[in-house]
Amino acid sequence: MIAKLKVFNSLTRQKEIFEPLSPPHVGMYVCGPTVYSDVHLGNVRTFLSFDTINRYLRFLGYKVRYVRNITDVGHLLDSGEDRISKKAKLDNLEPMEIVQKYANDFHEVMATFNALTPDIEPSATGHMLEQMEMIKAMLKNGLAYESNGSVYFDVNKYNESHPYGILSGRKVEDLLAQTRNLDGGDDKKSQLDFALWKKAAPEHIMRWDTEWSDGFPGWHLECSAMSTKYLGEDFDIHGGGMDLKFPHHECEIAQNMGTTGHGGAKYWLHTNMLTVNGQKMSKSVGNSFLPRELMSGEHELLDRGYSPMTIRFFMMQSHYASTLDFSNDALESARKGFVKLSNALRLITALDWPENVEANTDEKQVQQINTFCDNCHHAMNDDFNTALTIAHLFNIVKKINSIHTRQLNLEAIGQETFIRMKETFIGFTEEVLGLKYESEIDGESLIQIILNEYREAKEQRNFEKVDELRSRLKEQGVIVKDMKDRVDWAFDE
RNA sequence: GGCGCUAUGGCCGAGUGGCUAGGCAGAGGUCUGCAAAACCUUCUACAGCGGUUCGAAUCCGCUUAGCGCCUCCA
């Protein structure tokens with residue numbers, strides 16, 4: 001009997017049995033990237049964690065609607081400048097060109113890491129009406145106020161009826177007590193209030209004309225608007241990086257509650273940070289890696305490049321809610337480990353139960369293998385413990401290798417167990433963890449090796465072998481060309 | 001300052017009140033023309049100090065160290 005899926009809910013700070021609101025459907029919203037520059041590896045980690053969560057939910061048979069947004073407006077810098085606008089000015093491009101460029105890049109990167117695409121990928125600028133409606137509702141509910149063309153959420157007012165800070169464990173009094181004196185001349189009633197709508201300064205490029213002002217929406221609003229639109233007032237899972245918990249997710253809950261009276265997600269999942277030498281990887285600290293730097297090895301902290309699947313495997317070896325430290329040594333051992341897993345994947349994929357084999361089962365072996373298979377399910381059911389899942393997969397790797405070297409006979413396992421082992425191993429490796437076999441073999445180098453054989457055979461006038469090699473290569477779409485002074489080749493047309 | 005998290009063997013990293021995580025690296029063995037792979041066995045653990053308990057690395061307290069959020073951040 002396989003236990004039920006349990007997830008750690010940040011909202012309750014407890015591991016809970018996962019019970020979707022309306023099974024078999026599961027709605028999951030994940031905060032996506034702000035597309036003003038290249039995503040770095042820390043960003044990638046979060047999205048790969050949720051990719052695996054998405055994959056496992058599907059593996060369990062849930063009908064998942066996975067929504068991951070693209071933030072293309074409203075995300076401000078300390079200076080009050082919009083990130084996208086700033087980059088657009090800097091590069092002398094249209095803001096939408098910036099958005100398109102980095103959204104494309106993001107999609108490419110995620111595809112490289114074998115991430116499934118979300119079912120809906122809405123953008124903030126595509127949902128201006130929904131955001132405005134939400135602001136109106138909050139104004140009507142007395143939880144927002146207009147001030148000098150901007151609209152703010154009234155945190156103190158909200159806190160009278162709903163606790164503000166339930167997700168991050170903060171109290172309004174504490175927050176107020178240590179409020180720092182930020183930029184003066186604020187239109188806000190309280191430092192805790194956050195913008196729903198911002199009046200645009202004259203030089204601001206991205207702007208929409210509304211009854212309040214010619215301006216743009218606050219950053220937190222888009223996620224509330226889009227999750228409600230596509231998943232409803234109540235939905236199952238909301239995810240994002242740990243660093244979004246406060247204030248972003250806290251504000252989302254307040255906005256949802258302030259609009260619909262519902263808090264949005266039932267389960268909040270937060271992924272932990274990728275660190276470098278124990279410090280959070282972040283653009284501002286300057287310790288971030290771009291995916292392409294990691295793959296090519298062109299980075300001062302790297303000895304060599306690592307393939308996308310090695311990186312994915314490396315990340316899957318830790319739990320999504322733990323910090324993961326990034327280092328050469330860790331990556332190198334992940335690389336070797338992944339090669340081992342990969343070889344086993346190749347062997348088991350190619351191996352089918354042979355005909356005419358009578359089972360003569362060894363109960364101990366059968367039991368061991370079944371336990372390993374069960375354990376893969378248990379591990380993933382325990383809050384998506386990919387690290388433990390991989391440990392169990394490696395136990396299966398030993399069995400696969402033993403079968404391959406004939407140290408373990410197929411007869412001893414029996415067809416039923418063999419099939420279960422094969423399906424479990426491939427299922428968890430490829431479908432759940434999203435790892436796939438990667439060949440780093442250079443086909444053209446292999447052709448050269450074969451052509452050397454061809455040349456030697458020709459010199460020895462071993463025409464039987466010559467013909468054999470030539471026809472085998474032709475089967476692979478390679479034509480051998482005997483030149484006067486050398487042997488050349490071309491692709492068959 | 002407030003809130004929270006983490007400290008595991010040479011490295012990375014799971015986990016649990018008593019039963020082998022796993023990977024990488026190390027040692028021994030089997031196999032082998034050589035080499036490799038593979039398989040088997042094996043050595044290094046649970047930050048420190050107290051407490052609870054028949055029993056704690058696992059629970060509680062304190063100490064130390066580090067980190068995150070509180071300001072944009074996945």
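Here is the naming used below: chain letters follow the sequence lines, and residue numbers restart at 1 for every chain. All figures in this text were calculated on a predicted structure; none of them were measured in a lab.
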Closest to the side chain of A:Q317, out of B:rG22, B:rC24, B:rC70, is B:rG22
Quick note, A:K336 side chain, CB onward, closest among B:rA74, B:rC69, B:rA25 is B:rA25
Detail all sub-3.5 Å separations between protein N/O atoms and N/O atoms belonging to nucleotides 15-17 of chain B.
residue, atom, partner, partner atom, Å
B:rG15, OP1, A:N385, ND2, 3.3

inquiry  = Whether A:K280 contacts B:rC69 is assessed here as follows: a side-chain N or O lying under 4.0 Å from the phosphate OP1 or OP2. Is that the case?
reply    =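 The answer is yes; a side-chain N or O of A:K280 sits under 4.0 Å from OP1 or OP2.
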CZ of A:R65: more than 12 outside heavy atoms within 6.0 angstrom? no
Using a 4.0 Å heavy-atom cut-off across all strands, classify [X] as base, sugar-phosphate, or nothing.
X      : value
A:H40  : base
A:M242 : nothing
A:L274 : base

Parallel, tilted or perpendicular: rings of A:F18 and A:Y267 (30°, 60°): tilted
Note to self: Once you measure the plane-to-plane angle for A:F326 and A:F314, does it fall in the parallel (<30°), tilted (30-60°) or perpendicular (>60°) bin?
What the structure shows: perpendicular
Distance, rounded to the nearest Å, where [X] contributes [atom1] and [N] contributes [atom2]:
X      : N      : atom1 : atom2 : result
A:N272 : B:rA14 : CG    : C1'   : 15 Å
A:N395 : B:rA21 : CG    : P     : 12 Å
A:I396 : B:rA21 : CD1   : P     : 18 Å
A:D329 : B:rC24 : CG    : P     : 14 Å
A:Y306 : B:rC24 : OH    : P     : 15 Å
A:D105 : B:rA74 : CG    : C1'   : 15 Å
A:M273 : B:rC70 : CE    : P     : 11 Å
A:D51  : B:rA74 : CG    : C1'   : 14 Å

Output for pair (A:S288 OG, A:H299 NE2), nearest 0.5 Å, gives 7.0 Å
So NZ of A:K101 and OG of A:S37: to nearest 0.5 Å the spacing works out to 9.5 Å
Practice item. Quick one: closest heavy-atom pair of A:Q131 and A:A225, and the distance? Key: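 Smallest interatomic distance, heavy atoms only, reads CG-CB, 3.8 Å.
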| said: Taking A:D243 first and then A:K280, would you say they form a salt bridge - that is, a charged N and a carboxylate O separated by under 4.0 Å? | reply: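 Salt bridge: yes.
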Ring centres under 6.0 angstrom apart (A:H270, A:H249) | yes
- Query: What interatomic distance, in whole Å, is found between P of B:rG9 and the corresponding atom of B:rA57?
  - Reply: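 After rounding to an integer number of Å, I get 15 Å for this pair.
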Practice task
Please check if any side-chain donor atom of A:Q100 sits under 3.5 Å from a side-chain acceptor atom of A:N104, or the reverse.
Solution key: yes
Hey, what are the protein-to-nucleotides 38-42 of chain B N/O distances that come in under 3.5 Å?
residue, atom, partner, partner atom, Å
B:rA38, O3', A:N401, ND2, 3.2
B:rC39, OP1, A:N401, ND2, 3.2
B:rC39, O4', A:Q407, OE1, 3.4

